[in-house]
Amino acid sequence: MFKCSRFFVSVLLFVPRFDFFSIPFPPLLPSFPCLTCDRFTTTTDTMNNNDGFTSTILPKERAGASFDIAKLTYAINRNHSKIIEKFAPLFDEELFRSKEDDVNLSYEDGFRKSIERVTRAFEIVRSNPDFMVAHMRQKIQMQQFFDHNGVFVHFTMVMNYMFSHADKAQKRYWLTKAREGDFVAAYAQTELGHGSNVRGLETTATFDRSTQEWEIHSPTLTSLKWWPTGMYACTHALVYAQLVIGGETKGLNAFMVQLRKADGTLMPGVELGEIGPKMNTTSSNIGYCRFTRVRIPKDWLFSKYSKVSPEGQYVPVPKKLSKFKYISMMLSRVAIMTIAYDMCARAATIAIRYSAVRRQGFKPGQTTPGEGEHFIIDYKMQQYRIFRACAFSYCLLWNSRYISGYIKRVQTAINDGDMAAADDLPELHATLSGLKATATVQAHDCIEECRKCCGGQGFLMSSGIAKLSPDFSEWVTVEGEQVILSLQCARFLIKAVHTAKEGKAMTATIAYIGESDRPFDPSSPAGIIEALKLRARHLAKRLTEQFDSLRARGMNFDDALNRCAMLAIKAANAHVQKFMYENNEIAIEQFFKKQDTPAINTVMRRLLRLYGLQTITENAGDFIGLSMTVPLAAFMESVDRRITVLLDEIRPDAVPLVDSFGFLDSQLQSTLGRYDGNVYEAIYNDAAKKNPLNSLPNGKMIGWDTYKSILDLDFIQETEKKQRQRATGKL
Ligand SMILES: Cc1cc2nc3c(=O)[nH]c(=O)nc-3n(C[C@H](O)[C@H](O)[C@H](O)COP(=O)(O)OP(=O)(O)OC[C@H]3O[C@@H](n4cnc5c(N)ncnc54)[C@H](O)[C@@H]3O)c2cc1C
């Protein structure tokens with residue numbers, strides 16, 4: 001019998017008080033007379049009721065582009081799409097093709113499937129050296145071909161660490177095998193009780209001089225390694241631990257530790273598990289691990305820089321190497337920005353293509369469904385939201401390209417012996433910390449907004465957009481949590497304001513803090529950057545004033561910064577947004593000179609202005625009290641008017657702009673964002689019809705034989721007799 005669970009009761013209690021019987025029946029649908037199409041001219045028989053009538057829309061949108069789509073795609077991807085097309089057939093097997101059915105698998109089956117795919121993918125890759133070379137040269141990423149379920153960490157974070165921190169002998173021993181994937185390691189830093197506070201990690205590595213070994217130990221519950229991606233399916237891990245010699249702690253170092261034996265079971269003293277389902281759909285391989293007096297050889301401490309002699313003498317990392325530390329951290333932040341670009345651009349592509357084919361709301365005087373309705377892309381608020389994601393994607397792309405080019409030039413100069421080339425790296429590093437936070441938080445916001453812009457269909461997993469937001473969310477937290485990184489950036493802003501007050505020279509990224517406010521015309525392009533500078537400068541100054549007054553009252557540095565943390569985050573954000581805007585402007589001039597590619601230059605500038613003006617209007621409160629040539633209300637009104645004009649200007653290029661990102665349908669895996677625009681056919685055929693709940697003959701409901709016990713089957717049979725289907729023929 002039906003059991004009334006507590007959940008069900010609470011649902012009932014919170015349902016608005018509707019009287020179902022008082023809802024009028026919907027009026028009978030008229031047979032619509034249609035002058036422009038034959039969709040509704042007959043009732044059933046001659047109508048093509050499996051056509052969504054959208055196939056001609058996107059080609060028309062593309063034909064209206066003001067610029068050459070292929071040229072912009074090439075500038076973005078070079079021949080990336082061609083490389084993907086070249087290697088894609090390698091993975092054209094049922095195992096990889098059946099990805100859209102993953103959503104129907106249990107957690108355990110999903111993991112099994114992903115391991116099957118990873119195993120098969122490794123076999124394929126090993127027999128295709130071209131693929132390996134392209135991957136090592138970073139021309140392709142694994143996830144473009146198969147779902148690696150966290151194994152990528154071995155090939156990125158772990159191998160990068162080994163490249164820079166293993167000595168020659170260690171590289172010989174570990175690296176070749178690591179490159180081939182002969183063993184797989186996780187990056188085990190975070191612990192159950194310690195994430196952002198890395199110095200607080202508790203795992204210990206104690207040196208035993210008598211055996212020339214390290215003893216790796218988890219002394220408390222909070223010291224269990226927790227969260228390492230890929231760890232459940234690992235054989236080894238790069239483990240961060242407090243190095244202890246003779247009872248003295250020397251600080252954090254990284255060690256190689258074996259977790260699993262060749263038979264798949266655990267090494268003695270190792271307890272390892274998977275932490276359980278997470279909010280994104282693809283992570284079923286994140287681990288936890290406890291070490292109980294696990295012994296490893298002395299030379300499993302990565303020893304290129306920090307060394308320990310056989311007698312137990314510890315030599316820490318030399319100070320001058322900190323510049324290299326900055327560079328590798330900065331490159332990893334830029335890499336995350338590229339991921340943010342990739343995911344945000346996918347969301348923008350799906351939302352803009354779908355908005356271009358989806359119609360809602362009758363045009364004045366029209367009543368014909370479809371033809372008589374507006375495309376939702378023509379609604380201003382829809383444009384504001386989806387073009388915002390498109391503009392921000394381009395901003396992320398050009399910033400990541402411009403900044404990584406800059407860092408690589410500095411890296412080359414340092415390698416050539418010019419250490420002065422790295423003088424402004426600490427400042428750039430601080431800005432990039434803030435940039436990682438702002439870029440990921442804002443990209444996540446844009447992705448989720450694009451999903452909402454797809455209305456109900458955006459809720460379907462087959463939309464491809466529903467999973468982007470949870471899948472991307474981890475990047476806001478990993479590799480530096482948003483608040484922690486923004487606070488790092490804010491510390492540097494406080495220092496910069498002090499430097500400006502002292503009248504000392506300032507580097508390019510921060511010089512605006514020392515400049516005086518200039519009058520500007522808010523509707524001009526130059527006015528946007530002035531407004532962004534004004535906002536960032538005054539927030540940095542207000543932050544420094546608050547911070548200095550707390551310090552003057554005797555508060556220590558950390559407590560004072562914590563006290564004004566809300567303002568600190570705002571100041572960091574404003575600084576980063578100004579920085580991104582300026583970089584984007586330089587990048588456009590570098591990559592699309594007006595005289596060479598005028599049409600692309602124009603459309604890129606429009607997007608940049610949109611990004612700048614949306615930043616201003618969404619942070620209007622930051623301008624209160626600032627002296628400007630026009631009153632704040634008039635200023636904001638002119639900003640909003642300019643945004644509306646920009647939306648009109650961008651509209652004809654919206655589809656071409658997202659096409660230019662160059663995503664293949666096989667990458668987007670989206671019923672809504674298909675290149676051909678046939679969304680309704682896809683939602684019906686590719687998603688609903690393949691749903692396993694719809695698999696029984698004659699549409700029988702799964703679970704019916706249980707469910708029927710609560711129903712009055714006699715009554716259902718009685719009403720069954722009163723309804724019928726008419727035979728074919730015109731009515
Ligand atoms: C999907 C995923 C994959 C991961 N993969 C790995 C991996 O491969 N290897 C690995 O080692 N780790 C990994 N991590 C862990 C990740 O690096 C940490 O989650 C991250 O560093 C944040 O630490 P935390 O979880 O302890 O958060 P906490 O530090 O506990 O943060 C919680 C809250 O406290 C606030 N807070 C903390 N400290 C401060 C402060 N000083 N001032 C102000 N506010 C503060 C934060 O802003 C946040 O809002 C992964 C995490 C996720 C979600």
Side-chain angles (χ1 to χ4, degrees), residues 143 147-161 184-203 218 221-234 236-241 252-255 257 259 272 274-291 329 332-333 335-336 339 343 433-434 436-438 440-441 444 467-491 547 556-570 572-573:
Q143 63 265 31
D147 174 14
H148 51 68
N149 201 359
V151 171
F152 82 103
V153 168
H154 166 84
F155 292 99
T156 51
M157 292 176 76
V158 174
M159 280 187 53
N160 282 344
Y161 188 90
V184 181
Y187 189 88
Q189 179 178 300
T190 307
E191 294 175 355
L192 183 54
H194 318 278
S196 305
N197 185 11
V198 178
R199 280 188 298 155
L201 295 178
E202 293 177 88
T203 305
S218 315
L221 178 65
T222 46
S223 73
L224 264 63
K225 290 294 172 190
W226 210 272
W227 277 113
T229 302
M231 192 185 225
Y232 177 70
C234 267
H236 293 69
L238 189 152
V239 174
Y240 276 85
L252 274 181
N253 278 267
F255 303 79
V257 182
L259 308 179
L272 167 66
E274 211 286 329
I275 62 173
K278 293 135 218 104
M279 71 178 281
N280 67 356
T281 49
T282 44
S283 293
S284 55
N285 181 16
I286 293 189
Y288 70 85
C289 187
R290 184 202 296 263
F291 303 106
M329 278 167 80
S332 81
R333 304 255 147 97
I336 292 173
I339 297 171
M343 302 284 266
S433 303
K436 189 266 173 183
T438 300
T440 51
V441 170
H444 191 224
K467 73 192 279 294
L468 286 179
S469 172
D471 281 0
F472 181 70
S473 57
E474 71 181 84
W475 293 106
V476 177
T477 305
V478 296
E479 281 278 301
E481 194 271 342
Q482 62 187 86
V483 171
I484 309 291
L485 291 191
S486 295
L487 287 177
Q488 272 178 26
C489 182
R491 280 167 181 257
F547 176 82
N556 70 38
F557 191 100
D558 287 347
D559 286 347
L561 187 61
N562 185 36
R563 200 87 198 144
C564 42
M566 276 95 76
L567 191 51
I569 302 295
K570 264 174 174 274
N573 207 21

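Just so you know, these numbers come straight off a predicted model, no measurement behind them. Atoms within a ligand are numbered from 1 in the order they appear, just like the ligands themselves.
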Spacing of CD1 belonging to Ile339 relative to CH2 belonging to Trp475, to within rounding of 0.5 Å = 4.0 Å

Across all chains, not counting sequence neighbours, the salt bridge (charged side-chain N to carboxylate O under 4.0 Å, His left out) partners of Glu202 are none

4.0 Å protein heavy-atom contact status of atom 32 (C) of ligand 1, strictly under | no

Identify the closest protein heavy atom to atom 42 (N) of ligand 1: which residue and atom is it, and at what distance?
-> Leu487 CD1, 3.9 Å

May I ask whether Val153 places a heavy atom under 4.0 Å from ligand 1?
-> no

Are any of the protein's heavy atoms under 4.0 angstrom from atom 25 (O) of ligand 1, yes or no?
-> no

Atom 3 (C) of ligand 1 [closest protein heavy-atom partner, distance rounded to 0.1 Å] = Thr229 OG1, 3.3 Å

Can a donor-acceptor pair be found between the side chains of Thr203 and Glu191 at a distance below 3.5 Å?
-> yes

Quick check: does His194 get an N/O under 3.5 Å from an N/O on ligand 1?
-> no

Intermediate values then yes/no, side-chain hydrogen bond (donor to acceptor under 3.5 Å, both in side chains), Asn149 and Ser284 = CA-CA 7 Å; Asn149 201 359; Ser284 55; 2.9 Å; yes

Set of residues satisfying ring pair (Phe, Tyr, Trp, His ring centres under 6.0 Å) with respect to His444, sequence neighbours excluded | none

Note the single closest protein heavy atom to atom 22 (C) of ligand 1, along with its residue, its atom name and the distance in Å.
-> Thr477 CG2, 3.8 Å

Quick one: are Ser433 and Arg333 in side-chain contact, heavy atoms under 4.5 Å?
-> yes

Is atom 49 (O) of ligand 1 close to the protein, meaning a heavy atom under 4.0 Å from it?
-> yes

Check whether any side-chain heavy atom of Ile569 lies under 4.5 Å from a side-chain heavy atom of Leu487, and answer yes or no.
-> yes

Exercise check, heavy-atom protein proximity under 4.0 Å to atom 35 (C) of ligand 1 = no

For atom 38 (N) of ligand 1, find the nearest protein heavy atom and state the residue, atom name and distance (0.1 Å precision).
-> Ile484 CD1, 3.3 Å

Proximity flag Pro228 to ligand 1, non-hydrogen atoms under 4.0 Å | yes

Should the proximity of Gln189 to ligand 1, defined as any heavy atom under 4.0 Å, be assigned to the side chain, the backbone, both, or neither?
-> both

